[in-house]
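Nothing fancy with the numbering, it's 1 onward along the sequence. The structure presented is a predicted model; accordingly, all values stated were derived computationally and were not measured.
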Amino acid sequence: VICDGQSATLTANASGGTGGPYSYSWSNLFSGQTQIINVPINQSPANFIVYANDGCTTDSDTVVVTVQLPPVVALNFAGDSGCMPLTVTFTANSDTGVTYLWNFGDNMNGSGNPVVHTYTISGSYTASLTATSSNGCLTILPASAEVDVYPNPTAHFTASPGVTPMPNNNPPVYFSNQSLGATTYYWDFGDGATSNSANPDHHYAVVGFYTITLITVNQYGCKDTFYLKTTGEGDISVPNAFTPNANGPNGGGYNPFNSDNDVFFPFSGGVKDFHMMIFNRWGELLFETFDIKIGWDGYYRGTLCQQDVYV
């Protein structure tokens, strides 16, 4: 049995009689012990008769050569494309029971039907299939469409400063975009604010820990994401002198932008919890507040305290 398009080697071996030497002739007019033949599919099965002669007698034998068609295989694949890693399913149909060996075009092989393969490197690939029937005949079929695997961008950035003091002027955090292969940027600053700038800056109004997210997208629509945490830190500055109003207490209310300096209060920004106590030199508590909007007006129990050093 041979496959269509293959050749067969026919060899005759005689024994007995006078012991030889033997001469051989064939029904297809070939003379010799061994011949290579090709049988067209439309002449299968073909009978070949060999005659062996030892000089006295002649004997014959017959060999039947049958030609098998290779399997008829169709690939159900119209091509695929996507970002790496890209997982593709290959499926084939055949008219006979066959085994399937796939070459995915990226130096990787697989077997079975259907078969799933993941491409991990960007590029264009052409897969091929070798289908083998039960009689060993092969059909090699390249895919008619390519697999295009697109590269991903690389998202990365740094923040300066990483820990941000938050006085009243609230300085910005600057973001340095170090991404590669991207055309579009989506920033999420972790406090509800967003940006599409390549190198944005952002002001944080509330003390806390923030996770900044950068999503980068390239021309193929492939994405990468990078995360970084930063901290908004409160700031406070305490003066060392003030001039109380001699006309009487005012309850400690103040305007931080007023220059009259008659209430003692800290300059602050981004402060969430506040507790201030004022003691005289003997350790006596003169004033206490948990409200950052209330300072000390210099009075204790309605009486102006003397000029002195207080803690």
Side-chain angles (χ1 to χ4, degrees), residues 77-90 102-110 114-128 143 145-237 267-274:
F77 181 70
D80 205 348
S81 62
C83 305
M84 55 182 264
L86 177 65
T87 298
V88 179
T89 300
F90 296 93
W102 301 83
N103 183 325
F104 300 115
D106 60 350
N107 296 320
M108 300 295 290
N109 299 312
V115 65
V116 177
H117 180 63
T118 299
Y119 293 89
T120 59
I121 300 175
S122 61
S124 295
Y125 303 95
T126 299
S128 62
E146 288 187 338
V147 177
D148 293 316
V149 184
Y150 303 132
N152 295 322
T154 300
H156 189 74
F157 67 90
T158 59
S160 179
V163 178
T164 308
M166 300 181 67
N168 292 325
N169 61 356
N170 188 9
V173 178
Y174 295 94
F175 298 95
S176 176
N177 193 340
Q178 300 173 2
S179 303
L180 299 175
T183 57
T184 306
Y185 308 97
Y186 300 95
W187 297 84
D188 184 334
F189 300 114
D191 62 351
T194 60
S195 174
N196 297 117
S197 298
N199 294 280
D201 58 71
H202 182 61
H203 295 264
Y204 287 94
V206 179
V207 175
F209 293 91
Y210 297 93
T211 298
I212 299 94
T213 303
L214 171 61
I215 300 174
T216 58
V217 185
N218 63 15
Q219 66 269 34
Y220 304 108
C222 302
K223 299 179 181 180
D224 190 33
T225 303
F226 183 74
Y227 303 92
L228 185 67
K229 286 189 176 182
T230 189
T231 303
E233 181 179 80
D235 182 71
I236 191 164
S237 176
F267 294 91
S268 64
V271 175
K272 296 177 64 177
D273 297 309
F274 177 76

### Message
I'd like to know whether Thr194 forms a side-chain contact (heavy atoms from CB on, under 4.5 Å) with Phe189, so could you lay out the CA-CA distance, the side-chain angles of the two residues, the decisive distance to 0.1 Å, and finally the verdict.
### Response
CA-CA 6 Å; Thr194 60; Phe189 300 114; 5.6 Å; no

Are more than 12 heavy atoms from other residues, nucleotides or ligands located less than 6.0 Å from atom [atom1] of [X]?
X	atom1	answer
Asn107	CG	no
Ile121	CD1	no
Phe274	CZ	yes

Determine whether a donor-acceptor pair (N or O, by modelled atom type, separation under 3.5 Å) exists between the side chain of [X] and the backbone of [Y].
X	Y	answer
Ser197	Asn199	no
Asn177	Ala198	yes
Asn103	Ser128	no
Tyr119	Val147	no
Asp148	Ser124	no
Thr183	Val217	yes
Asp106	Tyr125	no

### Message
With heavy-atom distances below 4.5 Å as the criterion, would you say the side chains of Ser176 and Phe157 are in contact?
### Response
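A side-chain contact is absent here, since even the closest heavy-atom pair is not under 4.5 Å.
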
### Query
Are Tyr185 and Leu214 side-chain neighbours, meaning at least one heavy-atom pair lies under 4.5 Å?
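Sidechains of Leu214 and Tyr185: in contact.
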
### Message
According to ring pair (Phe, Tyr, Trp, His ring centres under 6.0 Å), who are the partners of Tyr227, at least two apart in sequence or on a separate chain?
### Response
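Tyr227: no ring pair (Phe, Tyr, Trp, His ring centres under 6.0 Å) contacts found.
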
If you measure from [atom1] on [X] to [atom2] on [Y], what distance do you get to the nearest 0.5 Å?
X	Y	atom1	atom2	value
Asp224	Thr216	CG	OG1	5.0 Å
Thr118	Leu86	OG1	CG	8.0 Å
Met84	Tyr220	CE	OH	12.5 Å
His117	Asn109	NE2	CG	9.0 Å
Ser179	His156	OG	NE2	8.5 Å
Ser122	Tyr150	OG	OH	11.5 Å

### Query
Can you check side chain to side chain donor-acceptor pair (under 3.5 Å) on His202 and Asp191, steps first, answer last?
CA-CA 10 Å; His202 182 61; Asp191 62 351; 2.7 Å; yes

### Task
Dump the intermediate steps for side-chain contact (heavy atoms from CB on, under 4.5 Å) on Tyr204 and Val173, then the final yes or no.
CA-CA 8 Å; Tyr204 287 94; Val173 178; 3.9 Å; yes

### Task
Would you please test Val88 and Phe104 for side-chain contact (heavy atoms from CB on, under 4.5 Å) and show each step?
CA-CA 10 Å; Val88 179; Phe104 300 115; over 6 Å; no

### Query
Where do Asn218 and Pro153 come nearest, in terms of heavy atoms and distance?
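For Asn218 versus Pro153, the nearest heavy atoms are ND2-CD, 3.5 Å.
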
### Task
Start with the C-alpha gap between Thr87 and Val116, add the side-chain angles, then the distance that decides, and say whether side-chain contact (heavy atoms from CB on, under 4.5 Å) holds.
CA-CA 7 Å; Thr87 298; Val116 177; 3.3 Å; yes

